[in-house]
Amino acid sequence: MTNRVDAQAAALNEVITAANPAVADMLSTRGRRIYFPKLGILAQSGEARGKTINATIGTALAEDGAPLCLPSIASQMNLPKGAAFPYAPSPGVPDLRQQWGKMLLDKSPELAGKTFSQPLVTCALTHGLSMAAYLFCDDGDVLLTPDLYWENYDLIFGISYGTTIATYPTFTPAGGFNLDGLRKAMAAHAGNKLVISLNFPNNPTGYTLLEKEVPELKKLLVAEAQAGRRLVVLLDDAYFGLVFENGVYRQSLFADLCDAHENLLAVKLDGPTKEDYVWGFRVGFITFGVKGGTPALYQALEAKCAGAIRANISNASMPAQSMLLAAWKNPAYAVEKQQAYDTLKTRYQEIRRVLAAHPEYREAFMALPYNSGYFMCVKPCRADPEKVRQKLLADHSTGVISLCGILRIAFSATPLAKIEPLFASLYQACQAV
Ligand SMILES: Cc1ncc(COP(=O)(O)O)c(C=O)c1O
């Protein structure tokens, strides 16, 4: 990698340093060098917008100026051609970004009055996480995560950006989130900067912090930031909104952390993938928040992130962004979303019922703490989880995931009537192996 910093990147770095030098320190080498080009093709294209002849853009237009598209493709879409075929802007469709920003406020009322960037559109959360790694993770930087985390973090942070993934036990023996483990892990990793990831509702466990755990977590992170450490806190909110118990935190931790301390940059990764059941649409968002964040700081971070997006995927799917924008403005959306939530909640409650009705299952497996999301996990008491998984496949025509010494059960994908048989099979498989 050359060390040359383009003048446009240098200008953004200066803005960030002037607004908050700690955030400038958090940037990776790539993060310092990236910028969203204000000159060149994009600028010239912008200047030509609305002219009688605009021979600047790299898309094809029909004789009437509409997108030149193939009827065999266009006939499958309900969208106006202009909302489906052209490129989206690298940071995302402006109305969609604005709408998601508004929805963030509705979902986490604590955000009211706090400053944060405009959300930028990514190619769903995977890409958002990847962009966070691009901006903040250098080879050898440490990412701290509970030991039960989504395995793709290994590819995104570990393999692609050379980040060292350091873990701490997710739960305390009493079954709460292991805040003390986080405290010890922060202490064990020296250095000026630490990247921390928090994912609630969690994949794989289906755990979300209890309301009473949130102030403690915040206190812990703020104390670390106060001591001078630069913290990039990645909030992977992939399963946001799917909380099924009282006393469980329903807002995003972003609302608590986006103004927690000048040395703590909160980076929210979220999107409709799981929230709105559009896994294949590939639309997500990345949003930044830091105490005292100014519009200039956020615009500079957005410009860097937009540059990283442009360098990486250029822009996310236009038809998907258009469909989502229309859906979020549709009065039926909230009702439909509630119905989907109820479907998952009913399955969650069925698991609770089945496990309570079968105390004998506890001889064979223990449920890990769960209260939200798409999944719950069990730990076989004596049996090897991989052997249980194999047995379930071979003798019960049932597939679950075995990872880290536990079994993950996606109730999101299990019809209500199949939950009881699934746990009966699990019990038998644990006993048999
Ligand atoms: C915790 C977590 N984060 C991120 C993702 C990625 O989501 P997306 O499909 O939006 O890239 C997943 C998907 O399984 C996930 O479980």
Side-chain angles (χ1 to χ4, degrees), residues 88 92 96 100 103-104 119-134 137 143-161 163 165 167 170 177 195-209 232-243 249 252-254 266-287 305 308-309 312-313 315-317 319-321 323-324 327 340 344 368-377 399-401 403-404 406-414:
L96 185 85
W100 190 256
M103 288 161 69
L104 290 185
L120 292 103
V121 178
T122 58
C123 188
L125 275 90
T126 305
H127 179 238
L129 288 160
S130 192
M131 292 296 89
Y134 184 114
C137 294
L143 172 78
L144 265 193
T145 167
D147 59 357
L148 297 172
Y149 61 90
W150 183 40
E151 71 169 11
N152 204 12
Y153 283 19
D154 290 334
L155 298 188
I156 299 170
F157 293 96
I159 303 294
S160 302
Y161 289 94
T163 313
I165 298 184
T167 64
T170 304
F177 186 71
V195 184
I196 294 175
S197 83
L198 294 167
N199 160 228
F200 302 114
N202 174 255
N203 176 4
T205 63
Y207 187 78
T208 293
L209 288 188
V232 180
V233 183
L234 307 180
L235 300 164
D236 180 340
D237 285 354
Y239 301 86
F240 183 84
L242 295 168
V243 164
Y249 200 55
S252 170
L253 288 172
F254 186 71
V267 183
K268 183 176 185 356
L269 295 316
D270 59 12
T273 307
K274 320 274 181 178
E275 282 193 49
D276 289 341
Y277 313 92
V278 289
W279 310 275
F281 275 34
R282 312 315 297 149
V283 169
F285 296 89
I286 180 168
T287 311
C305 192
I309 292 168
N312 207 260
I313 58 161
N315 52 82
S317 160
Q321 292 186 59
M323 279 191 266
L324 288 162
L344 296 194
L368 269 62
Y370 65 109
N371 52 29
S372 56
Y374 275 28
F375 311 108
M376 60 85 69
C377 291
V400 297
I401 298 285
L403 55 100
C404 305
I406 56 177
L407 293 166
R408 187 189 75 177
I409 295 164
F411 56 83
S412 56
T414 311

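Start at 1 and go down the list; that is how both ligands and their atoms are numbered. Because the structure is predicted, anything quoted here is derived from the model rather than measured.
- Of the N and O atoms on the side chains of Tyr149 and Asp154, at least one donor lies less than 3.5 Å from an acceptor on the other residue.
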When you pair each N or O of ligand 1 with protein N or O atoms, which pairs come out under 3.5 Å?
from     : atom 1 : to     : atom 2 : distance (Å)
ligand 1 : 3 (N)  : Asp236 : OD1    : 3.2
ligand 1 : 3 (N)  : Asp236 : OD2    : 2.6
ligand 1 : 9 (O)  : Arg282 : NH1    : 2.9
ligand 1 : 10 (O) : Leu125 : N      : 2.9
ligand 1 : 10 (O) : Thr273 : OG1    : 2.6
ligand 1 : 11 (O) : Leu125 : N      : 3.3
ligand 1 : 11 (O) : Thr126 : N      : 2.8
ligand 1 : 11 (O) : Thr126 : OG1    : 2.5
ligand 1 : 11 (O) : Arg282 : NH2    : 2.9
ligand 1 : 14 (O) : Tyr239 : OH     : 3.4
ligand 1 : 14 (O) : Lys274 : NZ     : 2.9
ligand 1 : 16 (O) : Asn203 : ND2    : 2.7
ligand 1 : 16 (O) : Tyr239 : OH     : 2.6

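- A donor-acceptor pair under 3.5 Å is absent between the side-chain atoms of Glu275 and the main chain of Gly241, judged by distance alone.
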**OP:** Give the C-alpha distance, both sets of side-chain angles, the deciding distance and a yes or no for side-chain contact (heavy atoms from CB on, under 4.5 Å) between Leu129 and Asn152.
**Re:** CA-CA 10 Å; Leu129 288 160; Asn152 204 12; over 6 Å; no

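- Scanning for salt bridge (Lys or Arg N to Asp or Glu O under 4.0 Å) contacts around Asp236 gives an empty result, with sequence neighbours left out.
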**OP:** Evaluate the criterion side-chain contact (heavy atoms from CB on, under 4.5 Å) for residue pair Asp270 and Phe254; output intermediate values, then yes/no.
**Re:** CA-CA 11 Å; Asp270 59 12; Phe254 186 71; over 6 Å; no

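- Judged by distance alone, the side chain of Thr145 and the main-chain N or O of Thr167 form no donor-acceptor pair under 3.5 Å.
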